[in-house]
Amino acid sequence: MTAIDVDAAPLADADIARVLRQRRQDARLRVVYGAGFPIILLLIWQILCMVGVIDVRFFPSPANILATAYQILTSPDEGGRLLADIGATLQRLVVGYLLGAISGIVVGVAMGLYRPIRYAVAPLVYATFPTPKLAIFPLLIVIFGLGDSSKTALITLAVFYMTAINSLSGIIHANPIYQDFAKAFRIPPLTQWLRIALPSALPSIMAGLKLGIGQALIMVVSAEFVSSSDGIGYYIWNSWQVLDIARMFVGLVVVMVIGGIAVWLSNLLEHALIPWVKH
Amino acid sequence: MSLTALDSSGQTPGAAAGIAAHLGGIRRSFVSTSGLVVNAISSISLDLVEGEVVALIGPSGCGKSSLLRILAGLDEDYSGELVWGDGGGHDQGRLASATVFQGDSTLPWMSVDNNIGLGMAGLRLDKATIRRRVERYRDLVGLADFGRSYPSELSGGMRQRVAIARALATEPLLLLMDEPLSALDAQTRLVMQQELLDIWKKAKSTVVYVTHDINEAVTLADRIVVLTARPGRIKEIHRVPFGAERNVLELREHPEFGRLEAELWRLVADEVGQKL
């Protein structure tokens, strides 16, 4: 039997230091380039505003947006309103997203594992999937009223489709050799679901969760554009209507930050849930 | 199609001592999408003796993999009888058969130890026994230092050894191997062949080994079953005279090795030729 050398031919300390130094340097470059490029774009924008190429009435300079943001945040009245709007949006987002994600994963996994459910439910899910969810928003208002519920329901619906379809495809498109293994070794059903089928579908489920974030943001902002008196979507739309363009841009930045934080959190979750997939 | 197969866990009184499994007139047909019936296996009868290594060879499409899937319990849609010998069944903490697949079948989300342990989930074993078997067979396949490693941290050959340990740990009546080394490079394959011989000897396994590699069949098997082209029947059975103490390199210089390999080549080529 061949022995496998785990500690054969140790590297010299100098070599290890060199490899580590290269890695650190690469990590630094990633940060510098990744942050540097957007900063350069912002600078170009700023310069074009200052030399008068861009109409600052519609595209205020980054410095102006920053100043407006500072002004809003330091004014108790304006700042309080912005925070209240952010709070309203976050509440709809979180509740709608969680409801959609949980129900989507449950239905998707059930469709994947149990054929009668798949045959009954999957055609309906696929047939209604291409319908723009926003198109049935009026219907949701009729059902759930003008308050938070209809907006939350819209988000739930959008996230549900993303997670259900991706969970289903994760289960049925998992490597068939895993199922052969489970059957050939007579693995009991519950063990098979929890330790083989579900983990094999996790990368796809995770992809559904990430796509759901984008969907949820689109839905919450759209719903708040159309029918709301609070929320960050309302904040943006209202600023536009009163032609307070700098304030509108502050709202846009807030949406971007919310989206960025959500994606960052989902990446953390992804690393924790599926460490075996190389990212 | 009638199903006369016994339950794989069932004990059959009257099964001859020393017989790990008895195949009696196994047939398998497939129905194509156009409704055409394709006979894959037509009446294969064979007794698998405890402790022997039987290689199945034959032209591609001869049904050797189909036969293996029947033995593995992956295909229950056959006719004929499949009777397991004494000592089988769940009560004894053994699987009737355990399979090492052609492709990588290790689960990437669990460690080597958990991969091996999961294979025993269908047996009613207590935790301590599972633990003991995991360690024993993990060490046996030469992965003593890799119990906590994940498959992605191992080479292809090492992952295949995890799959072998997982199958061995169920202490199966029949260890089924479906071209387990075909995905490996030539050097690794040679090393693994020697390891398989050593492992089988230590684990006292009864093995059914499917391969398209005649050289490998002669290297590893005690008996070689040559199947005909579709529908697969047994064409000839050859006994390999080398015994359990083999060295895969020295074996190649043995005059009988070359003679047997050439003869088997002729048999298989004959079958392929009839098909062309």
Side-chain angles (χ1 to χ4, degrees), chain A residues 1-10 105 109 112-113 115 166-167 169-209 268-279, chain B residues 8-9 68-69 71-76 90 95-110 114-115 118-124 139-146 149-155 157-158 161 163 166-167 169-170 172 176 178 188 191-192 194-195 198-199 202:
Chain A
M1 196 160 302
T2 42
I4 295 149
D5 275 332
V6 261
D7 46 11
I105 291 171
V109 169
L113 290 179
R115 225 178 299 194
N166 279 284
S167 304
S169 104
I171 299 244
I172 59 180
H173 293 130
N175 192 340
I177 206 166
Y178 299 145
Q179 272 202 11
D180 275 357
F181 157 65
K183 192 168 182 205
F185 283 70
R186 286 121 186 132
I187 307 286
L190 191 65
T191 312
Q192 195 179 328
W193 294 337
L194 293 180
R195 302 196 65 193
I196 300 176
L198 203 56
S200 74
L202 267 184
S204 185
I205 292 175
M206 198 61 229
L209 286 174
L268 288 185
L269 185 69
E270 186 171 29
H271 281 272
L273 280 184
I274 43 175
W276 66 90
V277 179
K278 295 273 171 280
H279 302 291
Chain B
S8 57
S9 62
L68 202 80
R69 286 182 73 82
L71 290 172
L74 289 171
D75 181 358
E76 286 148 0
H90 295 246
L95 283 181
S97 65
T99 311
V100 179
F101 297 93
Q102 186 175 0
D104 179 15
S105 61
T106 56
L107 306 176
W109 49 87
M110 48 178 85
N114 286 339
N115 261 286
L118 184 64
M120 289 176 266
L123 301 171
R124 287 188 206 95
D139 296 357
L140 188 67
V141 299
L143 293 175
D145 293 328
F146 295 90
S149 301
Y150 282 80
S152 61
E153 300 163 331
L154 306 178
S155 68
M158 289 159 88
R161 273 186 274 188
R166 185 173 66 188
T170 66
L176 305 172
D178 187 7
T188 311
V191 173
M192 288 287 291
Q194 186 65 57
E195 289 194 9
D198 297 342
I199 289 167
K202 278 186 209 154

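A note on names: the letters A, B, ... follow the listed sequences, proteins ahead of strands, and every chain is numbered from 1.
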- line: Okay, Ser105(B) and chain A: the region with an atom under 4.5 Å from a heavy atom over there is both
Side chain proximity check, Tyr178(A) to Pro108(B), heavy atoms < 4.5 angstrom: yes
- prompt: Mind checking whether Lys183(A) and Glu76(B) have side chains closer than 4.5 Å, heavy atoms only?
  reply: yes
message: Looking at Gln179(A), I want to see if its CD is surrounded by more than 12 non-hydrogen atoms of other residues, nucleotides or ligands under 6.0 Å.
response: no
message: Could you tell me if the side chain of Arg195(A) sits less than 4.5 Å from the side chain of Asn114(B), heavy atoms only?
response: yes
query: So what's closer than 4.5 Å to chain A heavy atoms on Ala167(B): side chain, backbone, both or neither?
result: both
- prompt: Just wondering, do Asp104(B) and Ile177(A) contact through their side chains at under 4.5 Å, heavy atoms?
  reply: no
- prompt: Where on Thr99(B) is there a heavy atom nearer than 4.5 Å to chain A: the side chain, the backbone, both, or neither?
  reply: both
Pairs of heavy atoms under 4.5 Å with chain A: top-ranked of Pro172(B), Pro151(B), Ala163(B), Gly119(B): Gly119(B)
statement: On a heavy-atom basis, the closest approach of Leu74(B) and Ala184(A) is CD2-N, 3.7 Å
query: Less than 4.5 Å apart, any side-chain heavy atom of Phe185(A) and any of Met120(B)?
result: no
- prompt: Taking C-beta and beyond as the side chain, do Met110(B) and Trp276(A) meet within less than 4.5 Å on heavy atoms?
  reply: no
message: Any heavy-atom pair between the side chains of Phe181(A) and Leu118(B) that's under 4.5 Å?
response: yes
- prompt: Looking at side-chain heavy atoms only, is the closest gap between Asp180(A) and Arg69(B) below 4.5 Å?
  reply: yes
query: chain A heavy atoms under 4.5 Å from Thr106(B): which part of the residue, side chain, backbone, both or neither?
result: backbone
- prompt: Hey, is the main chain of Ile196(A) close enough, under 3.5 Å, to the side chain of Trp109(B) for a donor-acceptor pair?
  reply: no
